[in-house]
Each structure stands twice: as structure tokens, then as C-alpha cells.
Number of protein chains: 2
Amino acid sequence: MNDAAPPRATVSPQAVREVALTLFAERGYHGTALSEIAAELGIRTPSLYNHIRSKQELLHDIVIETTTDVWADYERAVKDEPDVVARLRSATRVYALRHATHRREALIVNREIASLDDPARSRAMQLRRCHAEAMKELIDEGTKAGRFSEPASTLAAFGILEMCVSIARWFRDDGPLSAEEVAAKYAEMCLRVAGAK
Amino acid sequence: MNDAAPPRATVSPQAVREVALTLFAERGYHGTALSEIAAELGIRTPSLYNHIRSKQELLHDIVIETTTDVWADYERAVKDEPDVVARLRSATRVYALRHATHRREALIVNREIASLDDPARSRAMQLRRCHAEAMKELIDEGTKAGRFSEPASTLAAFGILEMCVSIARWFRDDGPLSAEEVAAKYAEMCLRVAGAK
DNA sequence: CCTACCGATCGGTAGG
DNA sequence: CCTACCGATCGGTAGG
């Protein structure tokens, strides 16, 4: 851990969030103390309250922003894409890409939704269900059109989404493959899950 | 939550572990207080120490037993199976099956390894790496033999394993598919990820 | 199995 | 940004 933080740092809300992202992703929400976030920033715990309203607000903003962005990604990805195979490929590619480029956010959303207070938790879970349902319907549509062949579309949709989540667990910026390359690879693997010919 | 626990229960180590499994899986290790486990059992917190040595020991036993069993499952699944496609199918099927039949254990292992103290954490992570590496080598072997076609075997192996983990997130005993049916389904989907012809 | 109690730490506030 | 401090709760122990 970096204990060489400057003795009198000037901190911003973004800086607090940045440290929270790292520590929540590494140790979990309940496993991270505000004193640890403060220490990482080189300030005392009460000073955090000049930048945030509460610990819960940090989690709230991370989860709500991420789940909202995931859904916006999806809608953008399938818009203006007439071919159903291209639509599933595009939807999967942007989801996979996000898990390479926003690893910490993705891990926190996947692990800590239960730690989020209502009503935000319900909203986040609804957005995720919405996303999974949309993926399922893409698979159904493709299967009806003879382009896919997976009648267990709900199982396949969950499997595809979770496969993309795995990226957040191992991806490294300095690895052999770029985020875009990994996303393209996973999109093709996921098409095979749906039974693309 | 069941607050109708008997006023003077007789508790066993197994009963404590059973409640811990449920609460750790629902709220996480750091999100669960021993007082909550005790309340669920209808006893006071200090009485737990007649059955366990510490909270950490509970997590330790769950994670070590599960990761050990996963590896034993794998070895049993590939033993005496000459065909490489059948080996990957069998290895995937038992892993998927475990995630339907041991949902709480699987979720805890996936979420709380970082909450486990060394040296158990290192041992558990090594067992998981071992498993992922073995899956990767199955894919490589099959690709060399012309039975699979996924040169990005490390990516595929992680993806396949994580896909199976997704089962633990949604499977219900009273759902339309049995654990065995779901495991068979996922095994076939995972073979397609590996590029099985 | 219990009551009584421990030191440590938690998130957060008062006041400057 | 700080020091001083709050009540609550944590995991765990003593002793019966």
C-alpha cells in the first residue's frame, strides 16, 4: 500500500472516488474503512466529509452510474443494426469492453449490490434484469430467424453476461491483448454460446 | 429473516456453519456479524464459541473445503476419459453441477477469497489457478487434435469457468430445470466456447 | 448455554 | 484541512 501520500494533500471528490473504487474492488465495501481511504489520500478521516456525504453515497454513485452506463451502452450498440447476429455481437462487445476498461466498477457492481441501500439497490437490480432480458430476447429472435440455435435463451444470456464479467478478473492494461481485442474475442465466443452458425 | 428460532436451541458446529453459509453468501463476510449468526440460531453471540474458534475459521473451512472439492471433482471427471472432447465436457459438467448444488459455497469462494487470511488465501488461489490452467490445457489439446478451434485458450478457459459460476446466481431447486439438466446444458454451451465442431 | 465485560474500530459530527 | 469526540457495534474472553 502506498503510504507515501503527500502530508498535506489537496483532495477532490473525484480523488476520493478514485481511491474508493480501488479499495472497494479489492476488499469489498464492508471490508474497506473510511480511515483507509483517508490514509491513501494523506488526510484524516473527518476531512473526507468535505468531499462526500457518506460512505454509502460513494457506493451509490459507483453502482448507479455503472449500471446506467451499461444499459446506455446496450441501447447504443443495438440501435441502427438491422442484422440480429450483428446486434448480439455488438451488444456483447460493448459489455465485454466495459469490463476491460472499467474493471473496478464492474467488480463492485457484481459484488456489492447487496450492500447498497434501497431504493438504489432495487433500481440497479432492475437495470441488470432489463439488460439480461434484452440479451435473452436477442437470442430468441436470432433462433427464430434460424441464425442462432439456443432455445435455452435465458441460460445462455446469463452465461454470456457472466463470461464477460470474467474479463474484469484478469484483464491487465499491459497484457498481450488490448481491451478492444479481448472484447472482439469474447463477442465471437459468446455468439457461439448462442449457437451462431 | 426467521426470528422464530427456539429460545433455548441446542446448536452444533454444522448448524453454525449452515447459517454462516447463508449469511456470508447473502451479505458477504465483512457484512455479516457474528451476532446475526447467533440470533438466527436463537443463542447469544458468546455461545457461538462453543462451536467455532473464530469467525475467520468459518470462512477458512468453507473456502478450503470447496476449492479442494472442486479440484477433486475435476480430477475424477477427466480420469479414465480417453476422448478430449468428453474430458472437457465432463470437467465442465461437474463444475457447473457444483454451482447448482452448492450455490452458497460457490458464491462465497468467488467473492470472499480476499477476506481470507494467508496462508489459506494463497492456497485457495493456487487451487483455482491450477483448475483454470488444467481447463486451458484441455482446450489446447483439443485444438491441436482438431477437435476444438480456440487458440485463445486462456481467455476461453476463464470464460467457461465464469459462465458456470453464473449458475450459482440464479439457480433454484424448484425451477423448471434440475441441477443435472442445467449442468448438461452449460457443458454443451461451454464446448461451443472452445470451438467444438 | 448464559451475563458481564474487554479493547478496538466503525461511520460520522462539532467546532474551529 | 485539523483535533477532539460521539454512540454503536465489532470479534472475542472471563467466569460460571
Side-chain angles (χ1 to χ4, degrees), chain A residues 1 3-24 26-63 108 112 114-118 120-121, chain B residues 1 3-24 26-63 108 112 114-118 120-121:
Chain A
M1 198 54 54
D3 54 3
R8 249 149 228 253
T10 296
V11 171
S12 65
Q14 291 73 19
V16 177
R17 182 203 170 105
E18 176 66 21
V19 173
L21 274 174
T22 298
L23 294 185
F24 288 176
E26 276 177 7
R27 312 173 186 182
Y29 177 72
H30 291 298
T32 303
L34 287 181
S35 61
E36 298 173 310
I37 296 177
E40 193 67 19
L41 291 162
I43 61 177
R44 304 287 179 180
T45 307
S47 304
L48 286 174
Y49 288 87
N50 292 308
H51 308 289
I52 63 171
R53 270 194 287 241
S54 69
K55 188 188 181 187
Q56 179 70 207
E57 184 198 45
L58 275 169
L59 179 64
H60 174 279
D61 289 356
I62 292 167
V63 172
I108 293 167
E112 303 292 345
S115 304
L116 187 62
D117 292 343
D118 267 325
R121 175 175 52 199
Chain B
M1 197 55 57
D3 55 2
R8 247 147 229 254
T10 296
V11 172
S12 65
Q14 290 74 19
V16 177
R17 181 203 170 103
E18 177 65 22
V19 173
L21 274 173
T22 298
L23 295 186
F24 287 176
E26 275 177 8
R27 313 174 184 181
Y29 178 73
H30 291 298
T32 303
L34 287 181
S35 61
E36 297 172 310
I37 295 177
E40 193 67 18
L41 291 161
I43 61 177
R44 305 287 180 181
T45 307
S47 304
L48 286 175
Y49 288 86
N50 293 307
H51 308 289
I52 62 170
R53 270 196 287 243
S54 69
K55 187 189 182 188
Q56 178 71 206
E57 185 198 44
L58 276 169
L59 180 63
H60 173 279
D61 290 356
I62 292 167
V63 172
I108 292 168
E112 302 294 344
S115 304
L116 187 61
D117 291 343
D118 268 324
R121 175 175 53 199

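Worth knowing before you read on, the calculation uses all heavy atoms, side chains too, and leaves out hydrogens, waters and symmetry mates. Residue numbers begin at 1 in each chain, while the letters A, B, ... track the order of the sequences. Keep in mind the model is a prediction, meaning the values are calculated, not measured.
With B/Glu112 contributing its side chain and B/Tyr29 its backbone, the two residues share a donor-acceptor pair below 3.5 Å.
Out of D/dG11, C/dG12, C/dA4, the shortest distance to the side chain of B/Lys55 is found at D/dG11. Checking C/dA4, C/dC1, D/dC1 against the side-chain heavy atoms of B/Pro46 singles out C/dA4 as nearest. Side-chain proximity of B/Tyr49 to C/dG12, D/dG11, D/dC2: nearest is D/dG11. When distances are taken from the side chain of B/His51 to each of C/dC1, C/dC10, C/dC2, the shortest belongs to C/dC1.
If you measure from atom CD of B/Glu36 to atom C1' of D/dT9, you get 11 Å, rounded to the nearest angstrom. Rounded to whole Å, atom P of C/dC10 lies 13 Å from atom OH of A/Tyr29. Rounded to an integer number of Å, the gap from B/Asp117 CG to D/dG11 P is 14 Å. Taking atom CG of A/Leu48 as the reference point, atom C1' of D/dC1 lies 11 Å away to the nearest angstrom. Rounded to an integer number of Å, the gap from A/Ile37 CD1 to C/dG12 P is 11 Å. Spacing between atom CG of B/Leu59 and atom C1' of D/dG11 amounts to 14 Å, rounded to whole angstrom units. Between the P atom of D/dG11 and the CG atom of B/Leu34 lies a distance of 4 Å, rounded to the nearest Å. Atoms CZ (A/Arg53) and C1' (C/dT13) sit 16 Å apart, rounded to a whole Å.
Proximity of B/Leu34 to B/Tyr49: side-chain heavy atoms (C-beta onward) are separated by under 4.5 Å at one or more points. Taking 4.5 Å as the limit, some side-chain heavy atom of B/Leu59 sits within range of a side-chain heavy atom of B/Ser115.
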Handout entry: Canonical and wobble pairing (Watson-Crick, G-U, under 3.5 Å) of DNA chain D, dot-bracket with |
Key = ||||||||||||||||
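Between A/Arg44 and the phosphate of D/dT3, there is a side-chain N or O to OP1/OP2 separation shorter than 4.0 Å. In this model, the phosphate group of D/dG11 is not approached by any side-chain N or O of B/Ser54 to a distance below 4.0 Å at OP1 or OP2.
Scanning all heavy atoms of the two residues, the minimum distance from A/Leu23 to A/Thr32 falls at O-OG1, 3.2 Å. The heavy-atom pair separating A/Glu57 from A/Arg53 by the smallest distance is OE1-N, 2.8 Å.
Scored by the salt bridge (Lys or Arg N to Asp or Glu O under 4.0 Å) test, B/Asp117 finds no partners at all (sequence neighbours excluded). Residues passing the side-chain contact (heavy atoms from CB on, under 4.5 Å) test with A/His60 are A/Ile64, A/Leu116, A/Ala120, A/Arg123, sequence neighbours excluded.
In this structure, A/His30 reaches neither bases nor backbone, as no heavy-atom distance under 4.0 Å exists between it and the strands shown. If you check every strand for non-hydrogen atoms under 4.0 Å, B/Ser35 touches sugar and phosphate atoms only.
Two residues, A/Ala33 and B/Asn50, neighbour DNA chain C, and the one matched to the more 5' nucleotide by heavy-atom proximity is B/Asn50.
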